[in-house]
Amino acid sequence: MLVSNLEQIPGKRIVQHLGLVQGSTVRSKHVGRDFLAGIKNVFGGELIAYTELLAESREEALVRMQEQAKETGANAVVNVRFSTSSITQGAAELFAYGTAVTVEDE
Amino acid sequence: MSSFELYLFFGLLAGGYVIGSYLERKHYRSIFAREEQFQDVLLIAAKTPDESLSIEHSEMVTGSVVVSVDYFKRFVAGLRNLVGGRVSSYESLLDRGRREAVLRMKAEAKKQGAKMIFNVKLETASISKGAGKRIGSVEVLAYGTALRIS
């Protein structure tokens, strides 16, 4: 499965569009992490635990998107976009979407 | 407010100022050093690579970071809110976040031997919404398509 945020896959030709595919996940941090981040917050700087958490969740959103693309019979997803929204206190939704396509070598 | 709370407040303020500004300087030094190191990776905001390029491999790369301000800066920003104007404490926070995210994306591209990243997008999300004043942090995500040119 090829994933790109360009409108095409370089070196390939799009032969079929299969529509929008999406993947999302909602994550919250556990209390311990939140507490440590609270302490870290006094001094500022990177909150490594959060960075990791969000990177992992985004990866999962991408995987779910690719699974959906596979179901439609696509072999690539183009024009991928990410979006993040915080829903309630301590929980965030990570969302990835793109266009599923079938490509072949030029 | 009891005297203990007052001491705690000033302690956090002083600690935030001293350690926070030390950490920020350290972070900026590391950003400058790595920006020099990754200078050869080009970022291009265009959507379509030039026809003349012979592309060997393309892959999406991302870089993200969550950064927060220190207690002192948050306090100063709160005061600034009363009169309005430039909130420089948050300006440097976002600047650090963006540059760090871009650097991480470049590092990932370089690991794959790519010299160009096309269609670079930057996204900023406040993950602290609803958490009140406790956590003033932002997440910055940079992503694009890394191309290896033969």
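In what follows, chains carry the letters A, B, and so on, assigned in the order in which the sequence lines appear, proteins first and then strands, with residues in each chain numbered from 1. These figures come from a predicted structure and were not determined experimentally.
- Side chains of A:T99 and A:V21 form no contact here, defined as non-hydrogen atoms less than 4.5 Å apart.
- Using a 4.5 Å cut-off between heavy atoms, B:L93 makes no contact with chain A at all.
- One finds no salt bridge joining B:D70 and B:R74 here, because no Lys/Arg side-chain nitrogen approaches an Asp/Glu carboxylate oxygen to under 4.0 Å.
- Contact check for A:M65 versus A:V77: side-chain heavy atoms found under the 4.5 Å cut-off.
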* To do: Under the ring-ring contact (aromatic ring centres under 6.0 Å, His included) rule, what do B:F9 and B:Y7 come out as? Steps first, then yes or no, please.
  => CA-CA 5 Å; B:F9 171 71; B:Y7 284 132; over 10 Å; no
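- Of the two parts of B:E24, neither the backbone nor the side chain holds a non-hydrogen atom closer than 4.5 Å to a non-hydrogen atom of chain A.
- Scored by the side chain to side chain donor-acceptor pair (under 3.5 Å) test, B:Q39 finds no partners at all (sequence neighbours excluded).
- Of the listed residues (B:V61, B:V65, B:I55), the greatest number of heavy-atom pairs within a distance under 4.5 Å of chain A belongs to B:V65.
- B:E123 and A:R81 are not joined by a salt bridge, as no carboxylate oxygen comes within less than 4.0 angstrom of a charged side-chain nitrogen.
- For residues 7-19 of chain A, heavy-atom neighbours of chain B at less than 4.5 Å comprise A:E7, A:Q8, A:I9, A:P10, sorted by residue number.
- In this structure, no portion of A:I48 lies under 4.5 Å from any heavy atom of chain B.
- Per-residue counts of heavy-atom pairs under 4.5 Å with chain A were compared for B:V67, B:T48, B:L147, B:T145; the largest is that of B:T145.
- Interface residue B:T62: only side-chain heavy atoms are found under 4.5 Å from chain A.
- Side-chain heavy atoms closer than 4.5 Å link hydrophobic residues (I, L, V, M, F, W, Y) into clusters, and following such links, possibly through other members, connects B:L141 to B:M60.
- Side-chain contact between A:E46 and B:H27: absent, with no pair of heavy atoms (C-beta onward) separated by less than 4.5 Å.
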Could you go through A:T51 and B:R104, starting from their C-alpha distance and side-chain angles, then the distance that decides it, and tell me whether this counts as side chain to side chain contact (heavy atoms under 4.5 Å, CB included)? CA-CA 12 Å; A:T51 306; B:R104 288 184 183 178; 3.6 Å; yes
